Amino acid sequence: MLDQKLIRENPKSVEEILSSRGKLFNIANIHELTIKKKELDIEISGLQSESKKLSKLIGQEISKYKNNNSLEINNLKKKGNEYRSKISEFEEKQRILDKQINNEISNLPNFPSNEAPIGKNESNNIQLKTWGDPLIANDLKSHWEIGEKLNLFESTKSTRISRSRFITLIGNGARLERALINFMLDMHTKNGYVELMLPALVNSESLKGSGQLPKFANESFKCSNDDLWLSPTAEVPLTSFHRNEIIDPKQLPIKYVAYSPCFRREAGSYGRDTKGLIRLHQFNKVELYWFCDPSKSLEAHKKITSDAESILKKLNLPYRLVDICTGDLGFSSSRTFDLEVWLPSSKCYREISSCSNCLDFQARRSSIRTKIDNKNRYLHTLNGSGLAIGRTMAAILENGQQKDGSVIIPDALVPYFGSNSIKTA
RNA sequence: GGAGAGGUGGCUGAGUGGUCGAAAGCGAACGAUUCGAAAUCGUUUAAUAGGUUACUAUUCGUGGGUUCGAAUCCCACCCUCUCCGCCA
């Protein structure tokens, strides 16, 4: 959520900064509403002030004369009644206006950082570095071929249980998933993160708080009887964990790691990534999340990214680091670094983690503050996948595949998985 | 699902129609004391919006309503707790 005051006082620069996302933003309408609101607020508070004085006077008169029915008092009451009806009328207008403004502003994305590369879409993202040697060869198998051969997961039965884009992990596949979750959680908790296991169903307020609502209602599954949604990412409950709080600056930064299943409708992606583990309605993820002092979020952004990177390094998976351009930034983010892992079968890097600095955007929506110089200030929130489990499994299968059809398990994972390879039965 | 109790500031908790944004305690901050600390004493200490300040308004779960005036009365909703039932 952007600052309403900023929109009211400086609409041109708000438009300019937002438009660096690659499409034009026109906030003239919102601007006008905020001006109207301010005028109305001033008018109402004046009337309320008068009405309040009058009420006090009536109270005093009544207690002085022990009589609440004299002509004089009845006249005063009549006057008060007039105030009341006028105020009610204005308040009605104010309510409608407030709702309108709130809704409009909730639909505006965050300001891109001026350090983010300018660009229209994904093709303008900038590769910052690569790590490891990408495996390149001609006779490489895709992870779904490997998975089928080694009986690690299957999808046709899963559509019977649920529908397309759901998967069932089997045997070593399920074991590998579990190993990855535990491995990542252990790595991050050793590194100073506090582990949370959060509710998978979240209410609408939580989704608004992190930016998924109102604009992206289509992206999440809803349980319509209960005002509850299946959480699309642990970022949602993590943000809301401290919603409406004022956090002692001594506690900052607060660093959480949370494993969670994630549910996404993937509307509009029909026909893309239909095979394998890349794009599912339900997937597992280990998420990193920081609440930090506003002056320290740039530094924190680098740290959270390198914390996610450390997992890829430990697993010895080749990857690259990408600086997301303004046109490709997520709604709540001001700057995002993506980690993309090498998938040899498709000869390209694929997103496996997205590390974002949301500045005060989510904090304002969720009302999460801290004390700075004894004043309440919105803090900054950052999130990053550390990592997406299914995609990590896909990368391990593809990068670890051997000529004989087996898969080598990365050393760091062996204690968790219990074996250094997966072989055909 | 049935029955009951309740939601008040950072926390505990008093407040059933008038000067209450709200007693008291805890916590916190500052000062005194001290070589320093503890203890003690004193002062301060809710948020949001508008305004340069003075100040004004709003907020006692949420939304409506009654009234000149609502934390307090009425209606609806949400949530929490206890007991019973059911249950991994």
Side-chain angles (χ1 to χ4, degrees), chain A residues 1-10 30-31 33-103 105-106 197 199-209 222-229 237 240-252 254 261 291 360 363-379:
Chain A
M1 187 98 95
L2 300 178
D3 186 1
Q4 188 172 141
K5 193 170 178 179
L6 196 62
I7 289 172
R8 193 178 64 230
E9 292 175 354
N10 221 336
I30 307 175
H31 177 243
L33 292 175
T34 57
I35 300 277
K36 254 195 219 163
K37 174 181 152 54
K38 189 177 165 189
E39 287 166 1
L40 193 59
D41 283 353
I42 290 170
E43 195 150 7
I44 288 177
S45 94
L47 283 170
Q48 282 168 330
S49 173
E50 292 301 315
S51 157
K52 229 172 142 173
K53 273 183 216 154
L54 184 66
S55 296
K56 257 183 199 176
L57 180 68
I58 292 173
Q60 282 162 357
E61 293 290 312
I62 289 173
S63 61
K64 207 189 314 180
Y65 299 111
K66 305 257 186 235
N67 175 1
N68 60 5
N69 223 359
S70 72
L71 186 65
E72 201 182 330
I73 283 174
N74 279 334
N75 278 336
L76 288 176
K77 282 187 183 176
K78 212 182 243 172
K79 205 168 158 202
N81 212 339
E82 283 163 24
Y83 277 127
R84 168 48 41 208
S85 57
K86 217 186 270 179
I87 290 171
S88 305
E89 195 185 307
F90 281 125
E91 277 177 342
E92 174 79 30
K93 281 188 198 166
Q94 189 186 41
R95 241 176 268 147
I96 293 166
L97 200 52
D98 261 341
K99 227 183 215 169
Q100 246 176 327
I101 291 173
N102 218 301
N103 197 42
I105 296 184
S106 300
M197 198 160 291
L201 295 190
V202 297
N203 59 32
S204 296
E205 276 308 306
S206 297
L207 282 163
K208 273 180 211 157
K222 183 170 192 188
C223 313
S224 52
N225 283 344
D226 294 290
D227 182 36
L228 287 171
W229 307 66
S240 271
F241 192 59
H242 288 296
R243 182 145 51 88
N244 294 331
E245 285 185 13
I246 298 169
I247 297 174
D248 185 342
K250 277 179 260 173
Q251 290 178 25
L252 299 179
I254 298 176
F291 295 87
D360 64 358
R364 182 175 284 106
R365 285 177 165 249
S366 300
S367 188
I368 308 170
R369 291 161 295 173
T370 187
K371 295 267 182 202
I372 296 173
D373 295 331
N374 234 5
K375 286 184 181 142
N376 293 334
R377 289 286 127 88
Y378 293 113
L379 46 68

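In this text the structure is predicted, and so the values were computed from the model without any measurement.
Of all nucleotides present, none satisfies the Watson-Crick or G-U wobble test against B:A70 with each distance under 3.5 Å. Base pairing analysis places B:G42 opposite B:C30; the two distances defining the Watson-Crick or G-U wobble pair are each below 3.5 Å. Summarising the base pairing, B:A54 is matched to no nucleotide, lacking a Watson-Crick or G-U wobble pair whose two defining distances lie under 3.5 Å. Here B:U82 sits opposite B:A3 as a Watson-Crick or G-U wobble pair (both hydrogen-bonding atom distances under 3.5 Å). The nucleotide B:G36 finds no pairing partner, because no Watson-Crick or G-U wobble arrangement with both distances shorter than 3.5 Å includes it. B:C11 is paired with B:G25 under the criterion used here, namely a Watson-Crick or G-U wobble arrangement in which both key atom distances are under 3.5 Å. Judged by Watson-Crick or G-U wobble contacts below 3.5 Å, the nucleotide B:A76 has B:U62 as its partner. Of all nucleotides present, none satisfies the Watson-Crick or G-U wobble test against B:U19 with each distance under 3.5 Å.
In this structure, the CD atom of A:Gln251 is 13 Å from the C1' atom of B:A28, given to the nearest Å. Remark: P of B:U67 and CD1 of A:Ile58 are 13 Å apart, rounded to the nearest angstrom. In this structure, A:Asp98 places its CG atom 13 Å from C1' of B:G50, rounding to the nearest Å. In this structure, A:Leu6 places its CG atom 14 Å from P of B:A49, rounding to the nearest Å. Rounded to an integer number of Å, the gap from CD of A:Glu50 to P of B:U56 is 12 Å. Spacing between atom CG of A:Leu54 and atom P of B:A57 amounts to 13 Å, rounded to whole angstrom units. Atom CD of A:Gln48 and atom C1' of B:G69 are 13 Å apart (whole Å). Summarising the geometry, the separation between NZ on A:Lys38 and P on B:U48 is reported as 18 Å, rounded to the nearest angstrom.
Distance from the side chain of A:Ile246 is smallest to B:A47 among B:A47, B:U56, B:G18. Side chain of A:Arg369, nearest nucleotide from B:A29, B:A47, B:U19: B:A47. Relative to the side chain of A:Ser55, the nucleotides B:G51, B:U56, B:G69 differ in distance, and B:G69 lies closest.
B:G13 and B:G64 have their P atoms separated by 29 Å, with the value rounded to a whole Å. Rounded to whole Å, the separation between the C1' atoms of B:C26 and B:A14 comes to 15 Å. For the P atom pair drawn from B:G18 and B:C83, the interatomic distance equals 37 Å after rounding to whole Å. B:A47 sits 16 Å from B:G61 when the C1' atoms are compared, rounded to a whole Å. The gap from the C1' atom of B:U8 to that of B:U67 amounts to 23 Å, rounded to the nearest Å. When the P atom is compared between B:G6 and B:C86, the two are found 28 Å apart, to the nearest whole Å. Going from the P atom of B:A22 to that of B:A46 covers 9 Å, rounded to whole Å. On the C1' atoms, B:C87 is 22 Å away from B:G4, given to the nearest whole Å.
Heavy atoms of A:Gly80 sit under 4.0 angstrom from primed sugar atoms or phosphate atoms, though from no base atom. Looking at heavy-atom distances under 4.0 Å, A:Lys78 makes no contact with the nucleic acid at all.
In this structure, A:Gln60 and A:Tyr378 both approach RNA chain B, and ranking their closest nucleotides by distance from the 5' end singles out A:Gln60. Mapping A:Ser49 and A:Arg95 onto RNA chain B by nearest heavy atom places A:Ser49 closer to the 5' end of the strand.
Side-chain contact between A:Lys77 and A:Asn81 is absent, with no heavy atoms from C-beta onward closer than 4.5 Å. Contact annotation: the side chain of A:Leu379 never approaches that of A:His242 to less than 4.5 Å [non-hydrogen atoms, C-beta and beyond].
A side-chain donor-acceptor contact under 3.5 Å links A:Ser106 to the backbone of A:Asn102.
Looking at A:Lys53 and A:Glu50, a side-chain N of the basic residue comes within less than 4.0 Å of a carboxylate O on the acidic one, giving a salt bridge. Salt bridge A:Lys208/A:Glu205: present, at least one basic N to carboxylate O contact under 4.0 Å.
Results of the side chain to side chain contact (heavy atoms under 4.5 Å, CB included) test with A:Ile105 over A:Arg365, A:Arg364, A:Gln100, A:Met1 single out A:Met1 as the only residue that passes.
Within a 6.0 Å sphere centred on CD of A:Glu72, other residues, nucleotides and ligands contribute 12 heavy atoms or fewer. Within 6.0 Å of the NZ atom in A:Lys37, the count of heavy atoms belonging to other residues, nucleotides or ligands exceeds 12.
Considering only side-chain N and O atoms, A:Lys371 lies under 4.0 angstrom from the phosphate OP1 or OP2 of B:A47. Regarding contacts with the backbone of B:U48, a side-chain N or O of A:Asn376 is found under 4.0 angstrom from either OP1 or OP2. Under 4.0 angstrom from either OP1 or OP2 of B:U67 there lies no side-chain N or O belonging to A:Arg84. Residue A:Lys52 places none of its side-chain N or O atoms closer than 4.0 Å to OP1 or OP2 of B:G18.
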